[in-house]
Amino acid sequence: MPKLTIDGQEIEVEAGTTVLQAAEMLGIEIPRFCYHERLAIAGNCRMCLVEIEKMPKPTASCAMPAGEGMVVHTDTPMIRKARRGVMELLLINHPLDCPICDQGGECDLQDQAMAYGMDRGRFHEAKRAVSRKNFGPLVETVMTRCIHCTRCVRFITEVAGMSDLGALGRGEHTEITTYVGRALGSELSGNIIDLCPVGALTNKPAAFTYRSWELRKTETVDAMDGLGASIRVDTRGNEVMRVLPRTNDEINEDWLSDRSRFAYDGLKRRRLDRCYVRRDGRPVEASWSEALAVVAERMKAAGKAVAAIAGDQTDCETMAAVKDLAMALGSAHIDCRQDGARLEAGLRASYLFNSTIAGIEEADALVLVGSNPRLEAPVLNARIRKRWLTGQLTVAAIGPEIDLTYRHQWLGDGPSVLADLAAGTHPFFKVLSQAERPMLILGQGGLARSDGSAVLGRAAHLADAAGLVKDGWNGFNVLHTAAARVGGLDLGFVPGMGGRDVAGILDGARSGAIKVVVLLGADEIDMDGLGDAFVVYLGSHGDKGAARADVILPGAAYTEKNATYVNTEGRVQRTVRAVFPPGEAKEDWRVVRALSEALGKTLPYDTLDDVQTRLAAINPVFGTLDGVMPAAWGRCGDDGPLDGAPFVSPIVDFYRTDPISRASETMAACSAGAATQTIQGKTGTHG
């Protein structure tokens, strides 16, 4: 391990560490534009010049490996002069757009110009102008501001795995552009906005709508998919203006999917902000007391013939309250698996991403079963690609033949291949069994089928036979697409003794055996299957469920409440309210609490703390926040017959998977653009 001295401070670092990284370990800040810790080193901007003794000229610290005995100076007269020269060259063609630039106030170039810029320019030639590029509906381009740091090119190529961006031309004619004049084709494209150190790439949907210093920042958790990415919600007044990723090495690193980042405009459209009761076939506005009285009357008349289905963004507090209320009514007809996934609540390891998301970087063999992580969890897919790029991961897939952004073996599209693997007769079984850290990822495309339990059973048998589960490692993983799913299973929000699952509830509603159905933001079920049942919809948006409902109770979106979610790896997380729900909408669990009072079955909690204490009483995992508790392994699923139908990804349109994204004009534009850039025929698009 080399030992070097930086500004009089001695430090010992691992071999391969650069001088810039060593300086950061000492708390010494070196200015830079092109360097980013998660991207390959380019050495383009030369802003990070330092002076190293016995070297004849300034050296780019981002590209210089630390060497034994080096003596580095980061702030000498020569270095200050060199950096001023670099800054002067960068500003030759950069326009004076700061007053109208959306990057103003959080621009790296502004910050460095304050330290190393001049108050006048020495160049009198006309500034270069570059035409704007069309990167699609998400990224606004003002390429005249570009300083050619190539961060965007490296991200799209290395992390996103697409060959969309590059530099054309030479010298002052260089331009960053798409090669064939098409929109960016990655589900992670919005991250280049954060990476751009100037105002060349900005948020197109929010262009010219805010200044960064006007915004109030709230650190919270994303609920648009099952990953549970750490995010920051920026608001002005009671309106969400943008959503940004927060650094979390255990989950999303520095990245965020485009749906999670840009669907926020759906939070203010098609909102339910007051109660409605259907009279004479039409929804009529009603007060809370009137609406709850109608629901209570119908529930009392229905007796035990009451059912509840939780949607994909339902928080744990609401599910716990509804479960307690259903028990008080004597009903066991509850389910959190609105897609019909054959998962049981008993064995926690059977429905978790047991390896953890960060654990992907330890895997050396991976088989994907009924999963397209590129559409189901783009950030997790980027983590798989990151590991694959090291050359230490072999990937195979059973399911649709698709582009996952990394090379993989396509084994077939049906469950028969999984059965062969589980029996040890498939050639890839040898790869898994000989790996030190083998991993299986089972997607909802394999579970949300009539033979889903048999698919789960074969996958579990493969885990045992190939040694995926061993001391210190559990390579059996289920990838969830719904933020509410793991929390619902942890709470036991599944049918009790004699209870009906989603399919049974719909059958009962058609036959008249189920009189009342409560939909907790559940919009992905077959609404025609509800028959003549009395439907109560508790949710935030006027989607399919609200259109069918007899009573609408307005709830809060995930940015509007302090709530608990559990991500796909079993990590208990809490959202933080960034804005208040619109109009008369309330936090969902409070609505359930008020309904219990109207029914004469008052639930024994009045505050959020009381409900969260109840969560921990139901399952101790809710007593620990932001940690992953290893789950005991055991047999799961069954050995029933397998259907011959091929696996199909549950994500048909990446940009419109839930009520919020379907209400978003930005996501609608992305979906329309994706029609010409499909990546797997009719199942899964991007643009």
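All values derive from a computational prediction rather than experimental measurement. These values consider heavy atoms only, across backbone and side chains, with no hydrogens, waters or symmetry-generated copies.
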If you round to the nearest 0.5 Å, how far is [atom2] of [Y] from [atom1] of [X]?
X    : Y    : atom1 : atom2 : result
I156 : T178 : CD1   : OG1   : 11.0 Å
T150 : I147 : OG1   : CD1   : 10.0 Å
I192 : T202 : CD1   : OG1   : 10.0 Å
Y655 : S671 : OH    : OG    : 9.0 Å

Between [X] and [Y], is there a side-chain N and carboxylate O pair less than 4.0 Å apart?
X    : Y    : answer
E214 : R236 : yes
R246 : E219 : yes
D403 : R374 : yes

Look only at the side chain of [X] and the backbone of [Y], and say whether a donor-acceptor pair between them is shorter than 3.5 Å.
X    : Y    : answer
T220 : V576 : yes
E106 : Q103 : no
K204 : G136 : yes
R154 : A40  : yes
Q110 : G105 : yes
R151 : C196 : no
T144 : V130 : yes
N567 : L227 : yes
R46  : G43  : yes
N44  : C149 : yes

Minimum heavy-atom distance [X]-[Y], with the two atoms named:
X    : Y    : value
C48  : S61  : O-OG, 2.8 Å
A66  : L4   : CB-CD2, 3.8 Å
T174 : R128 : O-NH1, 2.9 Å
A22  : I11  : O-CD1, 3.8 Å
S186 : M162 : CB-CG, 3.9 Å
I79  : T74  : CG2-O, 3.6 Å

Mind checking whether [X] and [Y] have side chains closer than 4.5 Å, heavy atoms only?
X    : Y    : value
K561 : F580 : no
R407 : V395 : no
E253 : P245 : no
L165 : Y179 : no
L39  : E158 : yes
V13  : M1   : no
R242 : R261 : no
T575 : T559 : no

(message) Holding to side-chain hydrogen bond (donor to acceptor under 3.5 Å, both in side chains), I want the full list of residues that pass it with R32, two or more places apart in sequence or in another chain.
(response)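 R32: side-chain hydrogen bond (donor to acceptor under 3.5 Å, both in side chains) contacts with E24.
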(request) Could I get the full list of side chain to side chain contact (heavy atoms under 4.5 Å, CB included) partners for T157, not counting sequence neighbours? (result)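 Residues passing side chain to side chain contact (heavy atoms under 4.5 Å, CB included) with T157: V153.
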(request) Using a cut-off of 6.0 Å, state whether more than 12 heavy atoms not belonging to E37 lie near its atom CD. (result)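 Check passes, neighbour count above 12.
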(request) Tell me, yes or no, whether the heavy-atom count around E14 atom CD, taken from other residues, nucleotides or ligands under 6.0 Å, exceeds 12. (result)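 No.
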(request) Check the side chains of Q21 and Y35 for a donor-acceptor pair under 3.5 angstrom, ignoring hydrogens and angles. (result)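 Yes, side-chain donor-acceptor contact under 3.5 Å.
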(request) For the residue pair S189 and D258, confirm or rule out a side-chain donor-acceptor distance under 3.5 Å. (result)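 Per modelled atom types, S189 and D258 side chains form a pair under 3.5 Å.
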(message) D225 and side-chain contact (heavy atoms from CB on, under 4.5 Å): which single residue from R259, E376, H480, Q313 fits?
(response)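 Single pass found, and it is R259.
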(request) Determine the sole option in V221, T564, D315, N562 for which the side-chain contact (heavy atoms from CB on, under 4.5 Å) test with R574 is passed. (result)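 Between R574 and the candidates, side-chain contact (heavy atoms from CB on, under 4.5 Å) is satisfied uniquely by T564.
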(message) With ring pair (Phe, Tyr, Trp, His ring centres under 6.0 Å) as the rule and sequence neighbours excluded, what pairs involving residues 124-159 come up?
(response)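 For residues 124-159: F155-W255.
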(request) Could you note down all residue pairs passing ring pair (Phe, Tyr, Trp, His ring centres under 6.0 Å) where residues 191-235 supplies at least one of them, sequence neighbours left out? (result)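 The answer is none; no pair qualifies.
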(message) Run S230 and N248 through side-chain hydrogen bond (donor to acceptor under 3.5 Å, both in side chains) and show every step you take.
(response) CA-CA 6 Å; S230 296; N248 188 334; 2.9 Å; yes
(message) Go through it in stages, so that I can follow the logic: the residues are N381 and L375, the test is side chain to side chain contact (heavy atoms under 4.5 Å, CB included), and I'd like the CA-CA distance, side-chain angles, deciding distance and then a yes or no.
(response) CA-CA 9 Å; N381 193 63; L375 298 183; over 6 Å; no
(message) I'd like to know whether M87 forms a side chain to side chain contact (heavy atoms under 4.5 Å, CB included) with F33, so could you lay out the CA-CA distance, the side-chain angles of the two residues, the decisive distance to 0.1 Å, and finally the verdict.
(response) CA-CA 11 Å; M87 178 60 66; F33 291 115; 4.0 Å; yes
(message) For residues 76-99, which residue pairs pass the side chain to side chain donor-acceptor pair (under 3.5 Å) check, not counting sequence neighbours?
(response)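 Pairs touching residues 76-99 that pass the test: E51-T76, D75-R80, R83-Y116, E88-R122, D97-R145.
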(message) Walk me through whether R271 and E560 qualify under salt bridge (Lys or Arg N to Asp or Glu O under 4.0 Å).
(response) CA-CA 13 Å; R271 290 304 303 267; E560 300 161 359; 2.7 Å; yes
Contacts under 3.5 angstrom, residues 659-666 side chains, donor-acceptor by atom type, not counting sequence neighbours:
from: S661; atom 1: OG; to: T657; atom 2: N; distance (Å): 3.0
from: S661; atom 1: OG; to: D658; atom 2: N; distance (Å): 3.2
from: S661; atom 1: OG; to: D658; atom 2: O; distance (Å): 3.2
from: S661; atom 1: OG; to: D658; atom 2: OD2; distance (Å): 3.1
from: R662; atom 1: NE; to: D543; atom 2: OD1; distance (Å): 3.2
from: R662; atom 1: NE; to: D543; atom 2: OD2; distance (Å): 3.4
from: R662; atom 1: NH1; to: E524; atom 2: OE1; distance (Å): 3.4
from: R662; atom 1: NH2; to: E524; atom 2: OE2; distance (Å): 2.8
from: R662; atom 1: NH2; to: D543; atom 2: OD2; distance (Å): 3.0
from: S664; atom 1: OG; to: D265; atom 2: OD1; distance (Å): 2.5
from: S664; atom 1: OG; to: D265; atom 2: OD2; distance (Å): 3.4
from: S664; atom 1: OG; to: T666; atom 2: N; distance (Å): 3.3
from: S664; atom 1: OG; to: M667; atom 2: N; distance (Å): 3.0
from: E665; atom 1: OE1; to: R269; atom 2: NH2; distance (Å): 3.4
from: E665; atom 1: OE2; to: R269; atom 2: NE; distance (Å): 3.4

(request) Give the intermediate values and the outcome of salt bridge (Lys or Arg N to Asp or Glu O under 4.0 Å) for residues R132 and E140. (result) CA-CA 9 Å; R132 297 195 179 197; E140 180 65 78; 3.6 Å; yes
